There are 2 protein chains.
Amino acid sequence: MATKYQATLTERLALDTYIKVSRAANAVELRINRHLSDYGLTISQFGVLEALYHLGPLHQHQLGEKILKSSGNMTLVIDNLCKRGLVKRERSESDRRYIAIHLSKEGSALMADLFPKHVEKVVVALSPLSQTEQEQLAMLCKKLGVGQLETV
Amino acid sequence: MATKYQATLTERLALDTYIKVSRAANAVELRINRHLSDYGLTISQFGVLEALYHLGPLHQHQLGEKILKSSGNMTLVIDNLCKRGLVKRERSESDRRYIAIHLSKEGSALMADLFPKHVEKVVVALSPLSQTEQEQLAMLCKKLGVGQLETV
DNA sequence: CAAATATAGTTTAATATTAAACTATTAAAT
DNA sequence: ATTTAATAGTTTAATATTAAACTATATTTG
């Protein structure tokens with residue numbers, strides 16, 4: 001018989017909400033990103049390409065901040081994208097600490113083909129919710145996400 | 001200049017919602033689980049211990065389903081927990097395909113100490129939202145999560 | 001001007017994670 | 001009773017991920 005924690009109502013609600021948010025985010029992300037393997041891409045590789053596709057060249061630190069990964073991980077993910085010929089590294093001449101990451105021609109072509117399909121997957125994955133519900137969910141998640149910086 | 005995808009309103013809303021859900025879930029999870037390193041645990045290790053703490057012994061396949069990880073990953077995560085002496089494997093005598101995973105005494109003691117702290121972190125992380133907002137978020141995420149099984 | 005500090009990116013070690021192929025065992029079909 | 005199919009768990013290869021320590025470069029401080 002497992003020892004069970006006796007949670008208060010506030011605690012039970014917070015735990016329940018947290019679990020449901022985590023599971024929904026996980027299920028949606030796996031669903032949307034399942035087709036990336038058709039392009040031989042992982043989720044993080046796609047995240048890098050997507051950021052460069054929308055924002056233009058970024059240096060590695062900025063990319064890490066955008067897709068919420070450590071600098072060590074960014075090195076490996078970008079290494080692998082370079083090997084694929086999808087991105088290029090270019091060290092800044094004015095400040096040699098910085099390396100700008102550019103989409104290559106192949107990378108741009110791949111994203112031009114892939115991104116509309118990604119959008120389609122996102123629309124289908126979110127379709128269990130009405131437009132109003134999606135707006136509500138976005139608002140609540142924004143509030144929750146922003147709140148992680150303030151409540152110390 | 002990056003090539004930009006011209007999204008419709010429906011597409012923009014879905015993308016926006018998806019990004020906010022992912023980021024909020026990620027931020028909350030990192031925030032809540034930051035203290036696990038004090039116990040020398042990773043997020044998946046904690047997930048296994050938590051499932052066993054609440055539900056009693058489970059076999060590996062069930063654990064994988066509970067915390068949404070592949071069977072190959074479960075083998076490694078459980079291997080590492082066994083090394084720590086926190087769980088034990090026990091092969092079923094009636095069906096030798098099955099291996100039940102049990103919390104050890106050390107595992108139970110650790111969870112008895114850790115879980116209340118985890119709950120505290122969850123309550124704080126969710127506190128930017130009112131009780132009504134948490135209920136709303138839970139409802140929307142349940143609908144969204146369940147919907148990933150139906151919309152093929 | 002030199003020393004101290006800060007920042008960008010890399011490397012290392014450890015763990016996580018997947019898909020696919022595999023072994024072992026049990027159940028179902030013939 | 002034998003063959004086929006299904007299930008549990010392991011192994012392999014590849015990639016992801018982190019924290020911490022490191023190198024290289026630039027900025028700030030005294």
Side-chain angles (χ1 to χ4, degrees), chain A residues 22 25-27 29-49 57-84 86-102, chain B residues 22 25-27 29-49 57-84 86-102:
Chain A
S22 291
N26 184 271
E29 185 168 37
L30 288 178
R31 165 87 173 281
I32 287 169
N33 293 294
R34 193 176 293 152
H35 72 118
L36 293 181
S37 56
D38 294 341
Y39 292 78
L41 292 176
T42 66
I43 291 181
S44 290
Q45 288 171 352
F46 176 74
V48 168
L49 295 175
L58 298 169
H59 61 265
Q60 277 185 216
H61 185 70
Q62 283 178 309
L63 273 168
E65 281 180 339
K66 288 289 173 190
I67 73 169
L68 306 175
K69 301 297 175 190
S70 69
S71 66
N73 193 7
M74 290 317 304
T75 298
L76 180 73
V77 174
I78 291 167
D79 279 353
N80 287 329
L81 287 170
C82 282
K83 279 177 189 164
R84 291 280 301 278
L86 298 176
V87 303
K88 298 173 183 170
R89 276 186 169 98
E90 195 171 290
R91 193 176 288 272
S92 170
E93 288 180 5
S94 55
D95 190 329
R96 290 161 54 82
R97 290 175 295 180
Y98 289 85
I99 298 181
I101 314 300
H102 303 251
Chain B
S22 292
N26 185 271
E29 186 169 37
L30 288 177
R31 164 85 174 280
I32 288 169
N33 292 294
R34 193 176 294 150
H35 73 118
L36 294 181
S37 55
D38 295 340
Y39 292 80
L41 292 176
T42 66
I43 292 181
S44 289
Q45 289 172 351
F46 176 74
V48 168
L49 295 176
L58 297 169
H59 61 268
Q60 277 186 215
H61 185 68
Q62 283 177 310
L63 272 167
E65 281 180 338
K66 289 289 172 191
I67 73 170
L68 306 174
K69 300 298 174 188
S70 69
S71 66
N73 192 10
M74 289 317 303
T75 298
L76 180 73
V77 174
I78 291 167
D79 279 352
N80 288 326
L81 287 170
C82 283
K83 280 177 188 167
R84 291 279 302 276
L86 298 176
V87 304
K88 298 173 183 170
R89 278 186 166 100
E90 196 170 289
R91 193 175 288 271
S92 169
E93 289 182 5
S94 54
D95 190 330
R96 291 159 54 81
R97 290 174 294 181
Y98 289 86
I99 298 180
I101 312 299
H102 303 252

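Treat the numbers as computed from the prediction; the structure is a model and nothing was measured. A, B, ... follow the sequence lines: proteins, then strands. Residue 1 opens every chain.
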Checklist entry - Atom NZ in B/Lys66, atom CG in B/Leu68: separation rounded to 0.5 Å? => result 10.0 Å

Checklist entry - For the pair made of CD1 in A/Ile78 and C1' in D/dT15, what is the distance, rounded to whole Å? => result 15 Å

Next on the checklist: To the nearest 0.5 Å, what is the distance between CG on A/Leu81 and CG on A/Leu76?
Outcome noted: 9.5 Å

Checklist entry - So does A/Asn80 get a side-chain nitrogen or oxygen closer than 4.0 Å to the phosphate oxygens (OP1/OP2) of D/dA14? => result no

Checklist entry - Counting only N and O atoms by type, is there a donor-acceptor contact under 3.5 Å from the side chain of A/Asn26 to the main-chain atoms of A/Ser22? => result no

Checklist outcome for this item: Rounding to 0.5 Å, atoms NZ (B/Lys88) and CD1 (B/Ile101) come to a distance of 12.5 Å

Checklist entry - With sequence neighbours left out, what residues match B/Ser92 under side chain to side chain donor-acceptor pair (under 3.5 Å)? => result B/Ser94

Item to check | Identified side-chain contact (heavy atoms from CB on, under 4.5 Å) counterpart of B/Val77 within the set B/Asp79, B/Asn80, B/Thr75, B/Asn73 | outcome: B/Asn73

Checklist entry - B/Leu68 CG to C/dT17 C1': how many Å, rounded? => result 13 Å

Checklist entry - D/dA16 P sits how many Å from B/Leu30 CG, rounded? => result 18 Å

Checklist entry - Looking at B/Lys69 and B/Met74, what are the two nearest heavy atoms and their distance? => result CB-SD, 3.9 Å

Checklist entry - For A/Leu81 and D/dT15, what is the distance between atoms CG and C1' respectively, to the nearest whole Å? => result 11 Å

Next on the checklist: Students often get this wrong, so: under 4.0 angstrom with heavy atoms, is A/Ile99 touching a base, only sugar-phosphate, or nothing?
Outcome noted: sugar-phosphate

Checklist entry - Between A/Lys69 and B/Tyr98, who's closer to the 5' end of DNA chain D by nearest nucleotide? => result B/Tyr98

Next on the checklist: Check this for me: A/Arg96, atom CZ, are more than 12 non-hydrogen atoms of other residues, nucleotides or ligands nearer than 6.0 Å?
Outcome noted: no

Checklist entry - Nearest-Å distance, CZ (B/Phe46) to P (D/dT18)? => result 19 Å

Checklist entry - Where along nucleotides 19-24 of chain D does protein come under 4.0 Å, by heavy atom, of base (B) or sugar-phosphate alone (S), with - for untouched nucleotides? => result ------

Checklist entry - Checking all strands, does B/Arg91 fall into the base, sugar-phosphate, or nothing category for heavy-atom contacts under 4.0 angstrom? => result nothing

Checklist entry - Listed in order of residue number, which residues of residues 57-66 of chain A have a non-hydrogen atom at under 4.0 Å from DNA chain D? => result none

Item to check | Contact under 4.0 Å: A/Arg84 side-chain N or O vs D/dT15 OP1/OP2 | outcome: no

Item to check | B/Met74 CE to D/dT7 C1', straight-line distance once rounded to whole Å | outcome: 17 Å

Checklist entry - A/Arg89 near the nucleic acid: base, sugar-phosphate alone, or nothing, with a heavy-atom cut-off under 4.0 Å? => result sugar-phosphate

Checklist entry - Where along residues 37-45 of chain B does a heavy atom come under 4.0 Å from DNA chain C, residue by residue in number order? => result B/Thr42, B/Ser44, B/Gln45

Checklist entry - Hey, does A/Ile78 have a side-chain heavy atom less than 4.5 Å from the side chain of A/Ile99? => result no

Item to check | Test side chain to side chain donor-acceptor pair (under 3.5 Å) applied to A/Gln62 - qualifying residues, sequence neighbours left out | outcome: A/His59

Checklist entry - In whole Å, what is the span from the CG atom of A/Asn33 to the C1' atom of D/dT15? => result 15 Å

Item to check | Separation of D/dG9 P from B/Asp79 CG (nearest whole Å) | outcome: 13 Å

Checklist outcome for this item: In terms of heavy-atom contacts, B/Ser37 and B/Arg34 come closest through OG-O, 3.2 Å

Per-pair distances, 0.1 Å, donor-acceptor, side chain in residues 41-49 of chain A, under 3.5 Å, sequence neighbours excluded:
residue, atom, partner, partner atom, Å
A/Thr42, OG1, A/Gln45, N, 3.3
A/Gln45, OE1, A/Thr42, N, 3.0

